[in-house]
Amino acid sequence: MGNNRLLRKIALNHNFLWFAIFLSITIWIIDGFFLAEQGNNVISSGLWFDSLIENLPSIISINISLIMYGLSLIMFLSLVNKGNILPFKAHLTGAIFCLFAAVIFFLHPFQVTTILLPLYIVSLNNLFSTFKNKNSKKKILKISIYIGIGSIIFPWFALLLPIFYIGTGFLGSFSIRSFLAGIIGFTLPFWILYGAGVILENRDIWSSVIDNFYTFQTISLSEIAPFQWGSLALIGIPGLLGIVRFVFLGKEKQSSRGSMNALLFFDLVLTTSVFLFPAYINIIIGLKLISCSIFNAYLWSSSESRFNHFLFWIEIIGFICLILLYFFDTK
């Protein structure tokens, strides 16, 4: 019983977030010293954006990324604190997000994922605020603009647009007007990019983006590194258990349930994408941080069972093992 109370205290203690932030920053700093020895940025996803950052010194790269993840954390806390997703405060969810991001070391250098994550969070924020609102075309317009911006950097990010349309169905906010607003919003960043290319008389600005819409990296699942599989398991298994508890035992208010149903669908799509597009597993894991953190926090806060206590210690052991695996692989 005392062990269950320990987990409950952690789930309710706001200082746990500050501890997680401190521990995460410490891990990022230590990893920064290792990355500094490698010289320039070593992350490559086969996208045109990589050519802009490949000569960026690693010590600068990891600091930019840390700032961006700090921004993502603030946006994430704001998203959860609105009260239309989870029936508890955001500190637990934010703490889990911090720890996940800290221990998945391939997310640390500045890369495509670093920019896509805040775009994904702000899109979710706008989506969840459309609950039961048929006149939500302005929100959908904003979402589609964010997805359009992300698609310029990572073209396959565009696949999120129909996924978000389905999300409006879960929230009861889909309408023809919002659908058309989404189409207009998505194309807006591309028209701006095209206009910039015309003004600057540089077709490469346009063609480098469009070419990536029908070319993508292909690798087999066997080429995914053990550390990548371990990272997916660390965030995915607790997230999956939280989903199971939500589906079968959840008794949340209608607005929370609608938002979490949409988030559940997004998480399943992202998980499936790992097997369809294994070359982009790093990007997919980065986006899965949001849903996995939320459902993991949901699991911890909604029950005081012995199983949850067991899972808590398993996660800590997995956390440590992933760190050891990373440093073992880099030797």
Practice item. Quick one: list whatever passes side chain to side chain donor-acceptor pair (under 3.5 Å) with S178, sequence neighbours left out. Key: S175
Practice item. Mind checking side chain to side chain donor-acceptor pair (under 3.5 Å) for Q228 and listing every partner two or more places apart, or none if nothing turns up? Key: N282
Taking only residues two or more places apart in sequence or in another chain, which ones pass ring-ring contact (aromatic ring centres under 6.0 Å, His included) with [X]?
X	answer
F174	none
F266	F164
F179	Y165
F97	F76

Single-linkage hydrophobic cluster [X]~[Y], side-chain heavy atoms < 4.5 angstrom:
X	Y	answer
F227	I320	yes
F190	I184	no
F319	F22	no
I317	W229	no
I74	I21	no

Check whether [X] reaches the backbone of [Y] with its side chain - one donor and one acceptor, N or O, closer than 3.5 Å.
X	Y	answer
S151	I147	yes
Q111	F106	yes
T114	F110	no

Hey, what do you get for [atom1] ([X]) to [atom2] ([Y]), rounding to the nearest 0.5 Å?
X	Y	atom1	atom2	result
L241	W300	CG	CH2	12.5 Å
D31	L107	CG	CG	10.5 Å
I192	T187	CD1	OG1	9.5 Å
H91	I96	NE2	CD1	9.5 Å
K142	L127	NZ	CG	13.5 Å
I140	I145	CD1	CD1	11.5 Å

How would you list, by chain and number, every residue that makes a side chain to side chain contact (heavy atoms under 4.5 Å, CB included) with [X], sequence neighbours excluded?
X	answer
N261	F170, F246, R257
L66	W28
L268	L264
I67	none

Review point. Applying salt bridge (charged side-chain N to carboxylate O under 4.0 Å, His left out), which residue pairs with at least one partner in residues 115-130 are found, sequence neighbours left out?
Key: none
Check your understanding: So which pairs with a foot in residues 272-298 pass salt bridge (charged side-chain N to carboxylate O under 4.0 Å, His left out), sequence neighbours left out?
Key -> D267-K288
Can you give me the closest heavy-atom contact between [X] and [Y], atom names plus distance?
X	Y	value
L92	F16	CD1-CE2, 3.8 Å
S231	I285	CB-CD1, 4.3 Å
L161	S144	CD1-CB, 3.9 Å
L289	Y69	CD1-CE2, 4.3 Å

Check your understanding: Among side-chain atoms of T130 and S136, is any donor-acceptor pair under 3.5 angstrom?
Key -> no
**Study point:** CA sep, side-chain torsions, deciding dist, call: F128, M260, side-chain contact (heavy atoms from CB on, under 4.5 Å)
**Key:** CA-CA 9 Å; F128 295 149; M260 292 185 71; over 6 Å; no
